[in-house]
Structures are given as structure tokens and as C-alpha cells.
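Down below is the structure, laid out as C-alpha cells.
It should be emphasised that the depicted structure is a prediction, and the values quoted were computed from it without experimental measurement. Proteins come first, then strands; the chains are lettered A, B, ... in the order of their sequence lines, and each starts at number 1. These numbers come from the heavy atoms of this one structure, side chains and all, not from hydrogens, waters or symmetry mates.
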Amino acid sequence: MHLTNKDIAHIFRSIAAAYLLTGVNRFRTIAYQKAADTVEQMTREVYDFWENGKLNEIEGIGPTISQHLDEHFKDPAHSYLTKQLQLVPSTVYELMKAPGIGPKKAFKLVSHFKLLDPSTVVREVKKLAEDDRISGLESFGRKSQDEIIESLEIFERRNGQNDRMSLPTAYAMSEQILQYLKKNPHVQHIDTLGSLRRMVATIGDIDIAVVADKKDAANIIEYFINYPQVLTIEGKGPEKASIITKGGWRVDLRVIEMRQYGSMLQYFTGSKAHNIKLREFALKKGYSLNEFGIKQVKDKNNISAFATEEKFYAFLGLQWVPPEIREGTDEIKLAAVKRLPDLIRLEDVKGEFHVHSSFNIEPSHDLGADTFGKMISLAKTLQYEYLGFSEHNPSQSGHSSAQIINLIKKKQSEIKKTALKNSFTCFNSLEVDISPDGSLAIPDEAIRYLDMMIVSIHSSFRMKKDEMTKRILKGLSYPKVKILGHPTGRLLSKREEIDADWDAIFAFAKEKNIALEINSWPERLDLPDMMAKTAIKNGNKLILGTDAHAAYQMNNMFYGVAVARRAWAMKSDIINTKSSEEIKKWIGA
DNA sequence: GCCGTTTTCGGCCCGACTGTTTTCAGTCG
């Protein structure tokens with residue numbers, strides 16, 4: 001098993017800590033921290049980049065770290081990285097995983113008490129704190145000691161658990177907190193910011209900004225920390241506070257006056273990488289940015305305030321940057337020359353293909369809950385022009401070839417009738433399993449009764465990379481295959497992506513005019529945003545599907561659009577923004 | 001150690017909050 005991005009990020013972060021503690025040049029330290037941040041956020045494996053000799057394409061990883069990584073992949077036992085890690089005891093890195101304990105505190109504890117066993121160090125430190133043996137140490141006091149106990153308890157409880165939640169979970173949670181805060185009469189305006197506003201696939205914490213008069217800020221902070229779901233209060237000042245909810249999630253609140261709200265929106269939306277690049281960009285123009293406004297570097301008293309984000313960006317000579325692409329890649333450079341892409345919008349979507357009706361095709365996996373008619377009627381309210389019904393293929397074990405063909409024929413005629421009755425364009429599709437050997441799970445003779453197929457992997461997820469690649473390429477080579485469904489098979493926080501040669505698969509799909517799906521099911525969001533971005537760069541066409549197994553779930557399209565926007569997709573990159581006439585051409589119907 | 005539409009050398013984001021301190025270091029986002 002090779003090193004995952006998480007492992008590599010941990011190595012970089014640990015080396016940054018070791019450098020900090022041993023007094024290595026501060027900017028070398030920062031370089032490793034930056035590299036750790038980058039790797040942590042990547043959706044493709046660093047290992048794959050290395051295999052393809054493309055380590056140098058990763059921003060933030062330059063020639064030196066590339067070389068160290070190369071060496072480490074080849075011979076981890078004797079690599080430079082391993083040697084640097086040994087500069088300080090590994091127990092330091094273990095302790096640092098607990099919130100509130102950084103490199104300095106960890107190192108002091110480890111050296112003073114000679115703690116060298118990483119498997120027991122957390123328990124040992126907790127015991128020392130409980131026995132009141134830490135409060136006497138220099139720069140530690142009783143409060144820090146209590147804080148350590150609390151922090152290590154949180155760490156132990158969290159250990160091995162998910163530290164991120166899905167978008168809908170985060171939405172629901174932020175909605176509740178917003179409802180609560182809005183009851184405070186001093187709250188003039190409120191927004192959820194951070195990764196939730198940027199629509200990242202998984203959310204680590206909830207960030208909320210409130211507009212209020214300065215004199216009311218204290219009242220609001222007090223009100224916030226009395227939220228009924230509060231477990232602990234992480235911090236509390238005159239204008240910001242942090243709580244941990246009973247569910248174990250962190251919520252940050254900032255209170256600001258209306259005249260400065262634009263800069264706070266910008267600051268609190270992030271991402272961290274975007275903010276750093278934006279501040280670097282501003283510095284070159286002689287400005288210093290913070291959450292309260294823009295200062296002249298030469299005249300610190302000359303501060304401009306901004307009520308809106310648009311004005312904030314405009315002051316710097318930039319186009320307003322959509323939150324979904326504020327990830328610190330090229331967005332600032334392009335905003336400076338007014339060349340940001342016109343990202344796809346929800347209202348651009350004119351139909352979809354990945355919906356499962358209740359038509360009983362005796363499928364291999366879950367049947368949908370609603371009839372063709374019910375799904376069509378929702379599609380009409382969504383202003384769609386067409387729907388493709390893609391139930392799972394009939395189970396192979398329970399049916400002969402003839403029976404499968406009969407079921408598909410039956411569905412075909414049923415769909416024709418329904419389309420006529422509802423005056424709505426419908427396609428007879430199926431979501432067909434790609435078997436482990438790459439063959440499709442329906443007989444070849446059945447294909448002629450279909451308008452098109454989505455092909456997907458629903459079993460044997462852990463095949464070796466080259467076998468998996470062959471499997472998918474074979475699956476895609478059947479006639480009438482128009483969509484590769486949820487390509488990576490990931491389930492957020494549950495199942496890893498399959499291992500495959502995506503360059504080869506993307507190239508083949510492009511050649512065959514097959515669309516790669518962005519599956520909008522909130523647990524999937526698959527293709528992942530950054531892979532979708534790569535696909536678009538390669539010239540692939542994408543398609544948005546909800547995988548709805550009930551009509552109301554077609555409303556999840558919203559999440560797919562968010563992924564597409566994070567992938568910098570324009571309307572022209574997404575197949576199902578086309579009219580039904582163009583779609584018919586694409587399908588060859 | 002990284003990076004480049006004022007630079008291949010000389011810069012490198014910014015501030016809040018906390019605890020242990022009488023002015024600041026550590027941690028976090």
C-alpha cells in the first residue's frame with residue numbers, strides 16, 4: 001500500500017514542526033506547511049503524479065521537495081524526509097494532532113517528561129495533567145493544564161471518526177443556527193460563509209458572519225454562546241466567538257458593522273489559499289488587506305471600508321470572484337484581466353438522464369420510488385425539456401437473456417406511451433453495471449431496444465489500477481454508451497475512489513463522445529471537483545445527474561451544479577444544458 | 001523552499017484570542 005495524500009500531508013506538516021523547533025529558516029518551514037496544505041486539498045493522489053513523472057506540476061511543491069518525495073517513494077527507510085522527521089521525537093507529531101497543542105507545547109511536554117512512545121503519549125500526557133504535574137512547568141499554568149485535558153479528551157473521542165460532514169448535513173446545521181441567531185433583535189443581517197459558501201464537498205466547520213452595530217456585538221456574542229446545542233465554548237472575544245456543538249462540530253461567528261461587511265464576507269469565505277494570494281496581489285499594489293478593509297501600506301491610517309464584496313474586489317481592480325472558485329489557483333490572475341469564466345448556473349440545466357423510476361424492471365440494485373409520470377411532472381416544474389430514465393439493469397442472476405430483453409422492451413413501450421401522454425421528451429436508458437471483466441450486465445441483443453446507456457461500477461471496487469482501467473475502457477466501448485456514471489465510485493467518508501488511469505479513461509471518453517458524469521448525490525459528488533476540472537481542461541464533456549431514486553431527489557441537481565462550478569465549468573462544458581434537439585443528435589436518436 | 005505581467009533574487013498574509021505574561025508567544029483560521 002503506497003502513501004496516501006493524507007500520509008504525505010502529515011509528513012510535510014511534521015517536518016515543518018521539526019524545522020520550527022530546530023530553528024530552520026522560517027520560510028523553509030512555511031514552504032513545508034504550504035506543501036502540506038496543497039496535498040491535503042488535492043483530489044488526485046500525489047503518488048499518481050509521481051508515477052507519471054509530474055510531481056513538478058503540483059503548485060507549492062518545487063524542485064527540492066519534489067526530489068525529496070521521489071527519493072522517499074523509492075526508499076522511504078533511508079530518505080531525506082525520514083531523516084528530517086527524526087530531528088524530533090515522533091511523539092511530538094502525535095500530540096500536535098490534538099486541537100490547541102502546537103509544536104512548541106508538544107515539544108516542551110515531550111522533552112520535559114521524556115515521552116517517547118507515540119502509541120501511549122496522549123494517555124500519558126492526559127494522566128500528567130490530571131495529576132497536576134504540568135501546571136508548574138514554565139509557560140504552562142493551571143488553565144493550560146485544564147485545556148490540555150479537555151483537548152486530549154476531544155482528540156480521543158474524535159480519533160478515527162469523521163472530521164468532516166457532508167454538504168447537506170452542514171447546510172441543515174447552519175440553517176438551525178441561523179434561525180436561532182435571527183431571533184436576536186440586534187442581528188441586522190446574517191450569512192453562512194467559509195467552505196459551505198464555496199460549496200466544498202465536505203465541510204469541517206461552520207462559519208457565520210453577522211451584521212450588527214458595534215454597541216450590540218457583545219450582546220450577540222453572548223447570545224451565540226448560549227445556543228442550546230453548545231457543548232463547549234472554544235473562544236469568546238468582543239467581536240468573535242467559537243463553540244463546539246453537542247455533535248462535536250465547530251462553529252465560528254464574527255460580528256461586524258454593515259459598512260465593513262464586504263471585507264468580512266471576503267475574508268471569512270476564504271479559502272485560505274485564495275486569501276493569501278489576494279493579499280500578495282494587493283501588496284504588490286501597495287495595499288494591505290484584512291477583514292475590516294483595505295489599508296495603504298505606506299499610510300496605515302488610510303483605510304477604506306467596503307459594504308459589499310463586489311466593491312472590495314473592484315477596488316483592487318478585480319472582477320468579483322465566484323466563491324466556488326476561490327481556491328487560490330488562477331482565479332486572481334484571471335480576475336485582474338477580467339477573464340474569469342462565465343460559470344454554469346442551475347437554470348442552465350435543461351434535463352437529466354440519471355433518474356430511477358418505479359417501473360419494475362426487476363433490477364440488480366435499488367428500484368426508484370416514483371412513477372415516470374410523477375418524475376416528469378417534477379421535471380416540468382424544474383423547466384426541463386427532457387428526462388432519460390436509467391433504472392439499474394435487470395439482475396443477471398434472476399433472469400435469462402430472453403427475460404431481460406422482454407423487460408427492456410416492455411419499458412420501452414411504456415416510456416413511449418408516457419412521453420406521448422405527457423407531451424414530454426423521454427429517453428429509454430438504463431444504468432448498466434460494468435462487470436469485473438469489463439463486460440456489460442445485459443445481453444448484447446438487448447442494447448437495440450435502448451436509446452442510450454449509463455455504465456457504472458457497482459462491485460469489485462478494489463481492483464488493481466491496470467485491471468480497473470481495462471475494465472472501464474471495455475465497458476465504455478459498447479454501442480450506445482453515452483455516460484460513465486459516478487466515475488470514481490467514491491462515497492464521501494465511506495468509500496475511497498477506485499484506482500484507475502484517469503488520463504486514459506478521459507482520453508477514450510473524449511474520443512467516443514461519452515460524457516463523464518458529475519453525480520449530484522450528496523454522498524457521491526463524483527466526479528470530484530478537481531478531477532472534473534482536469535477533465536474540462538482535457539476537452540471532455542460532462543453531464544450532471546442526480547441519481548434520484550425518488551422525484552424530490554431531482555432537486556439535488558443544485559449540488560452537481562456546485563461541483564461543476566468548482567470545476568470552472570461553463571454552460572458549454574455540460575451536455576445537459578443543451579436543448580432536446582441537440583441532445584437527440586448527441587445520442588444519435 | 002517557492003515563485004515571478006514591476007523580480008531568476010529577494011521577497012514571503014493578517015489579525016483575534018488565550019494564557020502567562022508586565023509586552024508577548026503560541027495557536028488558530
Heavy atoms, side chains only, cut-off 4.5 Å: are A/P522 and A/L167 in contact?
-> no

Quick one: sort the A/H68 and A/Y80 rings into parallel, tilted or perpendicular, breaks at 30° and 60°.
-> parallel

Which is true for A/G60 with a 4.0 Å heavy-atom rule: it touches a base, it touches only sugar-phosphate, or it touches nothing?
-> sugar-phosphate

Between B/dA25 and B/dT20, how far is it from one C1' atom to the other, in whole Å?
-> 9 Å

Quote, to the nearest angstrom, the C1' distance that separates B/dC17 from B/dT23.
-> 16 Å

B/dC13 and B/dT8: how far apart are their C1' atoms, nearest whole angstrom?
-> 23 Å

Could you tell me the separation between the CZ atom of A/R250 and the C1' atom of B/dT27, rounded to a whole number of Å?
-> 10 Å

Take the protein atom CZ of A/F107 and the nucleotide atom C1' of B/dA25, then report the distance between them rounded to whole Å.
-> 17 Å

Between B/dC12 atom P and A/Y32 atom OH, what is the distance in whole Å?
-> 22 Å

Could you tell me whether A/H274 contacts a base, only the sugar-phosphate backbone, or nothing, with contacts defined as non-hydrogen atoms closer than 4.0 Å?
-> nothing

Where does B/dT6 fall, syn or anti, if syn means a chi angle no more than 90° from 0?
-> anti

Looking at residues 190-213 of chain A, who's got a heavy atom less than 4.0 Å off DNA chain B?
-> none

Could you please name the partner base of B/dC9, counting Watson-Crick and G-U wobble pairs only when both distances are under 3.5 Å?
-> B/dG4

Taking the same atom, P, in B/dT21 and in B/dG26, what whole-Å distance lies between them?
-> 13 Å

A/K104 atom NZ is separated from B/dC28 atom C1', nearest whole Å, by 15 Å

Show me the donor-acceptor pairs within less than 3.5 Å that the side chains of residues 196-209 of chain A make with the rest of the protein, sequence neighbours left out.
from: A/R197; atom 1: NH1; to: A/T269; atom 2: OG1; distance (Å): 2.8
from: A/R197; atom 1: NH1; to: A/E309; atom 2: OE1; distance (Å): 3.4
from: A/R197; atom 1: NH1; to: A/E309; atom 2: OE2; distance (Å): 2.9
from: A/R197; atom 1: NH2; to: A/E309; atom 2: OE1; distance (Å): 2.9
from: A/R198; atom 1: NE; to: A/E327; atom 2: OE2; distance (Å): 2.8
from: A/R198; atom 1: NH1; to: A/T269; atom 2: O; distance (Å): 2.8
from: A/T202; atom 1: OG1; to: A/R164; atom 2: NE; distance (Å): 2.8

On DNA chain B, more 5' by nearest nucleotide between A/G102 and A/K333 is A/K333

Minimum side-chain heavy-atom gap A/Q266-A/F306 below 4.5 Å | no

Protein-nucleotide distance (A/N25, atom CG; B/dC12, atom C1'), rounded to Å | 10 Å

Separation between CZ of A/R279 and CG of A/L289, rounded to the nearest 0.5 Å | 6.5 Å

Could you state the CG-C1' distance from A/D37 to B/dG1, rounded to the nearest angstrom?
-> 15 Å

If a protein heavy atom is under 4.0 Å from the base, mark B; if only from the sugar-phosphate, S; if neither, -; do that for nucleotides 13-20 of chain B going 5' to 3'.
-> BBSSSSSS

Is the centre of the A/F73 ring less than 6.0 Å from the centre of the A/H2 ring?
-> no

Send over the distance from A/L334 CG to B/dT5 P, rounded to a whole Å.
-> 12 Å

Establish, yes or no, whether a centroid distance under 6.0 Å links the rings of A/Y180 and A/Y223.
-> yes

With no hydrogens and no angle check, do the side chains of A/D216 and A/Q188 hold a donor and an acceptor under 3.5 Å apart?
-> no

Euclidean distance for C1', B/dG10 against B/dT6 (whole angstrom) = 14 Å

Atom-to-atom span, CZ of A/R13 to P of B/dG29 - whole angstrom = 11 Å

Taking side chain as C-beta onward, heavy atoms only, is A/I101 less than 4.5 Å from A/S151?
-> yes

What is the nucleic acid contact for A/I101, judged by heavy atoms within less than 4.0 Å: base, sugar-phosphate only, or nothing?
-> sugar-phosphate

Any luck finding a side-chain donor-acceptor pair between A/S66 and A/N56 under 3.5 Å?
-> no

